[in-house]
Amino acid sequence: MTEKIRVRFAPSPTGFLHIGGARTALFNWLYAKHNNGTFILRIEDTDRTRSTDEYIEAIIEGMKWLGLEWDEGPFRQTERFDIYKKYIDKLLETGKAYYCYCSSEDLEERRRLAISTGKPQKYDGRCRHLKEPVKEVNPVVRFKMPHHGQTVVDDLIRGHVVFENEQLDDLIILRSDGTPTYNLTVVVDDVDMKITHVIRGDDHLNNTPRQIQIYEALNYSVPKFAHLPMILGSDKARLSKRHGATSVMAYYEMGYLPDALVNYLVRLGWSYGDQEVFTKEELIQYFSFDHVGSAAAVFNPEKLLWLNSQYIINASNEKLAELVIPFLIKERIISEGESLDKEWLMKAIGTLKERSRTLIELAVSLRYYIAEEVEYDTKAKEKFLNQKSRDLLIDLKEGLASIEDFSHQKLEEIFKAVTEKHGVKLKDLAQPVRVAMTGGTASPGIFELIEIVGKKKTLRRLEKAVKAIEA
RNA sequence: GGUCCCAUCGUCUAGCGGCCUAGGACGCUGGCCUCUCACGCCGGAAACACGGGUUCGAACCCCGUUGGGAUCACCA
């Protein structure tokens, strides 16, 4: 490798880090890591009316949560106006740009006319050859686009994309208030930061020929481009809030693991044979644009949920014990500052991880391990806590009261004695006990459940169940 | 509307001219396991948008059609 790879993620802070932005960031990050390159974070905040510091923080928070650490930055374009000014002056001096005195109202009017008459809506270049400044008008600076020939974008994903230069118009690079615009700042920054590969969303493909012209006017070499396909909602429209959560941090709040989201996002557009689940190391090792598809992809929350369940199953009990705490608090299962015995929690989690698809589900299930009392599901109570099970529960309670060792094996012996005495099957006893212990009909195995809940709470719950039947 | 991009099961995708009576995954579904629920395992339904070429041979290459998307700002 002769040239060190340098890539950047350049969000504009006009919103939270969303799913689409996160995937763009991820592909940049992966490409950098795979090639031992540099990943730069650059905040494109030249639109001062829509950018906020809160959003910058939110984007940073999202990237950190996903584990997409950057090597340089975050740089802010609003702190780099001097640099842009220098380049604009250079373009003005070399005759590659000019002042335009048309007012935005006039422009808007002409655009409307063009649309209504079916003409291409394009700036007509009337100020190109102006000799004298127009008095009392703050001009904008426009870039002088070539009128003939073609501009070719050599895209790593799309291949050769050819644009006719006559389609391009003289875009504004400096506003009348003296601030530079996007097409100028991206080029200047990418040159200045020595970006080798511009990896971004498909929606920028049409801007690329304009940017290439600016590179050439400035006499700089053009970087490589890779335009990623868009992420769509279930109706194939661009992904938006209508389709559900789009903010990355919303997935944190819903109990997703960051690596699961990363894994899901990377498979939206990229593949490696038939493999579905990847470690980060594998992703870095395998990633390449050769296997990035070019069609837009529909975001499928169901599959993300499945992946999350896989990541929960594969996570260590210790890790889950840490991660679940905020959710236990949020679900009001424990109170803030309350601590649980870690070993015990880990054991409980071990019985629940394969039936929890999110950390919220895990926390909610943990309730019947932790809470003093359980509430009965009405249907479960009717079906299993009745005269038929009353004596079974009473005998079981007695049996359990007589032992101190609540090990799986010992519990099984007690259960066996009760079922044999009454001539019933295990399930005839297990289901009523399950309802007594959890309030519902679904739980881990009855012996492991009782073992972890412990003698004191178990006896109390059986007692309560018997009373509920008699009531 | 102009320009550009895209097109394999409902969804994500494998496929880079013969290994394809099209493979995997999610979801759906039948069964097994079983104290319930899950996990897991075995099986099923489900796709090459359409029409022309090129070729001995096309999901794959070319051209149209249709359908989706992006973009046309003193937003990024």
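As a basis for the values below, the full set of heavy atoms in this structure was taken, side chains included, without hydrogen atoms, waters or symmetry mates. Chain letters run A, B, ... following the sequence lines, proteins first, then strands; residues in each count from 1.
Across all strands shown, the partner of B:G51 is B:C63, judged by Watson-Crick or G-U wobble contacts whose two distances both fall under 3.5 Å. Base pairing of B:G40 is made with B:C32, judged by Watson-Crick or G-U wobble geometry with both donor-acceptor distances under 3.5 Å. The base-pairing partner of B:U21, taking Watson-Crick or G-U wobble contacts with both distances under 3.5 Å, does not exist among the strands shown.
Taking only side-chain nitrogens and oxygens, A:Q310 never comes nearer than 4.0 Å to OP1 or OP2 of B:A38. Between A:R267 and the phosphate of B:G24, there is no side-chain N or O to OP1/OP2 separation shorter than 4.0 Å. Taking side-chain N and O atoms only, A:S234 has no distance below 4.0 Å to OP1 or OP2 of B:U11. Within the structure, a side-chain polar atom (N or O) of A:S271 is placed less than 4.0 Å from OP1 or OP2 of B:A14. Residue A:K236 places none of its side-chain N or O atoms closer than 4.0 Å to OP1 or OP2 of B:C6.
One N or O donor and one acceptor, one from the side chain of A:R434 and one from the base of B:C35, sit under 3.5 Å apart. Between the base of B:A70 and the side chain of A:N206 there is a donor-acceptor pair shorter than 3.5 Å. For A:E276 and B:G24, a side-chain-to-base donor-acceptor distance below 3.5 Å is present, hydrogens and geometry of angles not being considered. For a distance-only test at 3.5 Å, the side chain of A:T441 fails to qualify as a donor-acceptor partner of the base of B:C37. At a cut-off of 3.5 angstrom, counting only N and O atoms as typed in the model, there is no donor on one side facing an acceptor on the other between the side-chain of A:R158 and the base of B:C5. Between the side chain of A:D45 and the base of B:A76, no donor-acceptor pair of N or O atoms lies under 3.5 Å.
Within the nucleic acid shown, A:G269 comes within 4.0 Å of sugar-phosphate atoms alone, with no base atom in reach, counting heavy atoms only. Using a 4.0 Å heavy-atom cutoff across all strands shown, A:S294 reaches sugar-phosphate atoms only and no base atom. Note on A:K303: a base of the nucleic acid sits closer than 4.0 angstrom, heavy atoms only. Here A:I446 lies in heavy-atom contact (under 4.0 Å) with a base. Contacts of A:D428 with the nucleic acid, taken as non-hydrogen atoms under 4.0 Å apart, are absent. At the heavy-atom level, A:P209 lies nowhere under 4.0 Å from the strands shown. Among the heavy atoms of the strands lying under 4.0 Å from A:F163 are primed sugar atoms or P, OP1, OP2 only; no base atom is included. If you check every strand for non-hydrogen atoms under 4.0 Å, A:H204 touches a base. Among the heavy atoms of the strands, none lies under 4.0 Å from A:T179. Residue-level contact check: A:V277 touches neither bases nor backbone, having no heavy atom under 4.0 Å from any strand.
Comparing the P positions of B:G43 and B:U65 gives a spacing of 46 Å, expressed to the nearest Å. Separation of the P atoms belonging to B:U29 and B:U34 is 23 Å when rounded to the nearest angstrom. For the P atom pair drawn from B:G18 and B:C33, the interatomic distance equals 44 Å after rounding to whole Å. B:C60 and B:C16 are spaced 7 Å apart, taking the C1' atom of each and rounding to whole Å. On the C1' atoms, B:A22 is 31 Å away from B:C39, given to the nearest whole Å. Across B:C74 and B:A70, the matching C1' atoms stand 23 Å from one another, rounded to whole Å.
Nearest nucleotide to the side chain of A:V298, out of B:C35, B:C12, B:C5: B:C12. The A:L205 side chain lies nearest to B:C5 when the options are B:C26, B:A7, B:C5. Taking only side-chain atoms of A:D47, from C-beta outward, the nucleotide of B:C26, B:A73, B:A76 with the closest atom is B:A76. In the set B:A76, B:G27, B:C5, B:G27 carries the atom at the smallest distance from any side-chain atom of A:W306. Of all nucleotides listed (B:A7, B:A70, B:A76), B:A7 comes nearest to the side chain of A:A295. Distances were taken from every side-chain heavy atom of A:Q167 (C-beta onward) to each of B:C39, B:G2, B:C35; the shortest belongs to B:G2. Of the candidate nucleotides B:C35, B:A76, B:A73, B:A73 has the atom nearest to the side chain of A:R111. The side chain of A:L426 approaches B:C35 more closely than any other nucleotide in the set B:A76, B:C37, B:C35. Comparing atom distances between the A:V140 side chain and each of B:C4, B:C74, B:G10 picks out B:C74 as nearest. Comparing atom distances between the A:F447 side chain and each of B:C35, B:U11, B:G27 picks out B:C35 as nearest.
Here the C1' atom of nucleotide B:A76 and the CZ atom of A:F9 are 12 Å apart, to the nearest Å. B:C72 atom P lies 15 Å from atom CG of A:L107, rounded to whole Å. Here the C1' atom of nucleotide B:U13 and the CZ atom of A:F278 are 11 Å apart, to the nearest Å. Straight-line distance from the CD atom of A:E448 to the C1' atom of B:C39: 12 Å, rounded to whole Å. Atom CG of A:L174 is separated from atom C1' of B:C74 by 9 Å (rounded to the nearest Å). As rounded to whole Å, 12 Å separates atom P of B:C26 from atom CD of A:E302. B:A73 atom P lies 13 Å from atom CG of A:D170, rounded to whole Å. In this entry the distance linking NZ of A:K416 with P of B:C35 reads 13 Å, nearest Å.
For the pair A:R50 and A:D45, the salt-bridge criterion is not met [side-chain N within less than 4.0 Å of a carboxylate O]. Under 4.0 Å is where a charged nitrogen must lie from a carboxylate oxygen, and between A:E413 and A:K410 at least one such pair does.
Between A:F143 and A:Y98, the gap from one ring centroid to the other reaches at least 6.0 Å. Aromatic ring centres of A:F16 and A:Y55 lie closer together than 6.0 Å.
Heavy-atom nearest nucleotides on RNA chain B were determined for A:R23 and for A:P444, and the one closer to the 5' end corresponds to A:R23.
Nearest heavy-atom pair, A:P432 versus A:K427, reported as atom, atom and distance to 0.1 Å: CD-O, 4.2 Å.
Between A:Y272 and A:Y286, the ring planes are parallel. Angles under 30° get that label, and only those over 60° would be called perpendicular.
A cation-pi geometry, defined here as NZ or CZ lying under 6.0 Å from the six-membered ring centre and within 45° of its normal, does not hold between A:R267 and A:Y264. For the pair A:K86 and A:F81, the NZ or CZ position fails the cation-pi test of under 6.0 Å to the six-membered ring centre and within 45 degrees of the ring normal. The cationic group of A:R142 lies under 6.0 Å from the six-membered ring centre of A:Y123 and within 45° of the ring axis, placing it in a cation-pi geometry.
Listed for the A:S389 side chain is a donor-acceptor partner under 3.5 Å among the backbone atoms of A:F384.
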